[in-house]
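Structure record follows, encoded as structure tokens.
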Amino acid sequence: MNKSGRFDSLVRLPNQSTGSTINLHRKLDPKCCRTDSFVLYFSALVITDGPQDKSGLVDEVGSEDDLYNEFRSSSNRFRHPGGGGEQLAINELISDGSVCAEALWDHVTMDDQELGFKAGDVIEVVDATNKEWWWGRVLDSEGWFPASFVRLRVNQDEPMEEYLAHLDGASEGGRASMGGPLGPGLPCKEQMRANVINEIMNTERDYIKHLKDICEGYIKQCRKRTDMFTEEQLRTIFGNIDELYRFQKKFLKALEKKFNKDHPHLSEIGSCFLEHQTNFQIYSEYCNNHPNACVQLSKVMKIKKYVFFFEACRLLQKMIDISLDGFLLTPVQKICKYPLQLAELLKYTNPQHRDYKDVEAALNAMKNVARLINERKRRLENIDKIAQWQSSIEDWEGEDILSRSSDLIFSGDLTKISQPQAKGQQRMFFLFDHQLVFCKKDLLRRDILYYKGRLDMDQMQVVDVEDGKDKDFNMSVKNALKLCSPGGEEVHLLCAKKPEQKQRWLRAFADEREQVQHDLETGFTITEVQKKQAMLNASKSHPTGKPKAVTRPYYDFLLRQKHPTLPTSLPQQQVIMLAEPKRKTSNFWHNIGRLTPFKK
């Protein structure tokens, strides 16, 4: 025992790759000898290369199974939060009466048993027994919808506008209560700007430290263990994080040059974001890969030696007590935080400040970067759902939908009239980028669709048709529009049931052309490998159950007995959150935020 009351111990471990031994000098605290045993075991696991004899080590610290069980039971870092307290509270609200929710994003659905809505719509939540899919009502439509696409109103009797105004008033009151200067010789607003600048600089330095720890603490050690990891595995788990690290170091240097250490409020950092705005787009690849990284990491973490190995990397790098999946989430969170930080900086920057215009432009630039990353991620996740949708269509003909399209713009029922027959046919239409697919519903089972054809939207012009007699078809029409080829060789008349539906379709056709043009300008493409993999996954997957038709007379009975089959494919949630109010962490949200699958 030494003077500090700790036992000194020297353990020699054989290094079979060099024929020598590794000396590990450890200090044991009598109160935490078992924890120190973890450190000893982990360190030996990383330091040695190749196979090693751990018999002596196991005798000293206990069996590997004992260590593994004790490590997993003593730490919950590899577990995910759970609990149903919030769900119970929601169900209690519903039991007292109808509950209203506000749609956060558009929900465009391919299934007529699901409820479609637009961002901002108010939805009456009728049942929330299932935490992922709720049953709700918008006007005269009812159906299932993903719970992650809405947020409940805090006060059900208070309109949303009044509730938001109340929040704004409370926050203004809190700021006013501070009053006066916050620092020596600085007015309140300048001091607040200095605080925001310091926050941006400190978080940027911390972020660089996190990236360095991942690259040097994890990736460097993993590449030494070719017996445990392949290059493909490492690329999946870590993505292009080394590329992010190199870029962020350059970005931090640019910030440091513009940072005024003596007078932070005079710093002019807006130009740094403008100069590097295109470089931030490399986050798109990382965010797109992150779900795959989580899946791959969860697989290897089921094996004991990988749990020990990653913990050893963390301990040797002297990293904070966060598991690897937490570190890998940091870049996703960081790209979300830039717009929020710049918005805060703009709020406390006087319009006369030399940095004001640059900060304003930087805020818009980073919002655009975030939107672009979010859109690309959403589109890549869409292709799996579109492939599954195609596999569910009977009698499919021609090329795969993914050969030209990657997004569903809109869908709904229309009556189709084409020359020369001029006979009306009720069809279900699906508007994708570049093409319009139409199907026929089964007479007995309305959830079964038969492929009937498609139209190339790149070769079609949309014409709004006035109510009355149409000259081309020599018939009276109402709520109609035409799709015509440039030379007039091909003309299709589409009729909606209501004027509002017709206007919605006209907007959808306009949105489709805008999206095609935007993809062309931004260079968005989906690789052939991604398309083939999506179709392969769809062919392997079994058809998933969808909600059956629920009519009003049977609805109350079904609620008392058993729900119709719920959708098993939950839409992905958005990763990028812009100016979203901070709320308590909910069991409804995944770690990486929210990403809608189908959006106009």
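Both backbone and side-chain heavy atoms feed into the values below; hydrogens, waters and symmetry mates do not.
- For Lys441, the salt bridge (charged side-chain N to carboxylate O under 4.0 Å, His left out) partners two or more places apart in sequence, or in a different chain, are Asp112, Asp413.
- Looking only at side-chain heavy atoms (C-beta outward), Leu402 and Lys532 stay at 4.5 Å or farther from each other.
- Residue Leu363 comes nearest to Ala343 through the heavy atom pair CD1-N, 3.7 Å, listed as atom of the first residue, atom of the second, then distance.
- Panel note: side chain Asn289, backbone Thr236; a donor-acceptor pair is recorded below 3.5 Å.
- When all heavy atoms are compared, the tightest approach of Val465 to Lys502 is O-NZ, 2.9 Å.
- Residues meeting the side-chain hydrogen bond (donor to acceptor under 3.5 Å, both in side chains) test with Asn479, sequence neighbours left out: none.
- With contacts defined as side-chain heavy-atom distances shorter than 4.5 Å, the pair Val332/Leu329 qualifies.
- For Glu466, the CD atom counts as loosely surrounded, since its 6.0 Å shell holds 12 or fewer non-hydrogen atoms of other residues, nucleotides or ligands.
- For the side-chain hydrogen bond (donor to acceptor under 3.5 Å, both in side chains) test, residues two or more places apart in sequence or in another chain that qualify with Gln517 are Glu521.
- Shown here are the ring pair (Phe, Tyr, Trp, His ring centres under 6.0 Å) partners of Tyr450, two or more places apart in sequence or in another chain: there are none.
- Applying the ring pair (Phe, Tyr, Trp, His ring centres under 6.0 Å) test to Phe280 and every residue at least two apart in sequence or in another chain returns Phe247, Phe251, Tyr338.
- Partners of Tyr286 by ring pair (Phe, Tyr, Trp, His ring centres under 6.0 Å), not counting sequence neighbours: none found.
- Not a single salt bridge (charged side-chain N to carboxylate O under 4.0 Å, His left out) links Glu500 to another residue, sequence neighbours left out.
- Contact annotation: the side chain of Val462 never approaches that of Trp505 to less than 4.5 Å [non-hydrogen atoms, C-beta and beyond].
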Tyr283 vs Val369, test: side chain to side chain contact (heavy atoms under 4.5 Å, CB included). Steps then yes/no. CA-CA 9 Å; Tyr283 276 84; Val369 169; over 6 Å; no

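- In this structure, Asp325 contributes its side chain and Cys294 its backbone to no donor-acceptor pair below 3.5 Å.
- Closest approach of Cys484 to Val463, counting heavy atoms only: SG-CG2, 4.3 Å.
- Applying the salt bridge (Lys or Arg N to Asp or Glu O under 4.0 Å) test to residues at least two apart or on different chains, none of the pairs has a partner in residues 486-497.
- In this structure, Val150 and Ala103 approach most closely via the heavy-atom pair CG1-CA, 4.0 Å.
- Nearest approach of Phe438 to Arg454, heavy atoms of both residues: CE2-N, 3.5 Å.
- When only modelled atom types and interatomic distance are considered, Gln533 and Asn537 share a side-chain donor-acceptor pair under 3.5 Å.
- Partners of Asn474 by side-chain hydrogen bond (donor to acceptor under 3.5 Å, both in side chains), not counting sequence neighbours, listed by chain and number: Lys469.
- Of the possible polar contacts, one joining the Ser405 side chain to the Asp433 backbone as a donor-acceptor pair under 3.5 Å is found.
- Annotation: side-chain hydrogen bond (donor to acceptor under 3.5 Å, both in side chains) contacts of Gln390 (sequence neighbours excluded): Asp400.
- In this structure, Gln277 contributes its side chain and Met366 its backbone to no donor-acceptor pair below 3.5 Å.
- For the pair Glu375 and Asp407, the tightest heavy-atom approach, listed with the atom from each and the gap, is OE2-OD2, 4.3 Å.
- Ring-plane geometry between Trp396 and Trp389 is classed as perpendicular, the angle between the planes exceeding 60 degrees on a 0 to 90 degree scale with a lower cut at 30.
- Judged as a salt bridge (charged side-chain N to carboxylate O under 4.0 Å, His left out), and not counting sequence neighbours, the contacts of Arg235 are Glu285.
- For the salt bridge (charged side-chain N to carboxylate O under 4.0 Å, His left out) test, no residue two or more places apart in sequence or in another chain qualifies with Lys440.
- Asp458 has a carboxylate O that lies under 4.0 Å from a charged side-chain N of Arg513, or vice versa, which qualifies the two as a salt bridge.
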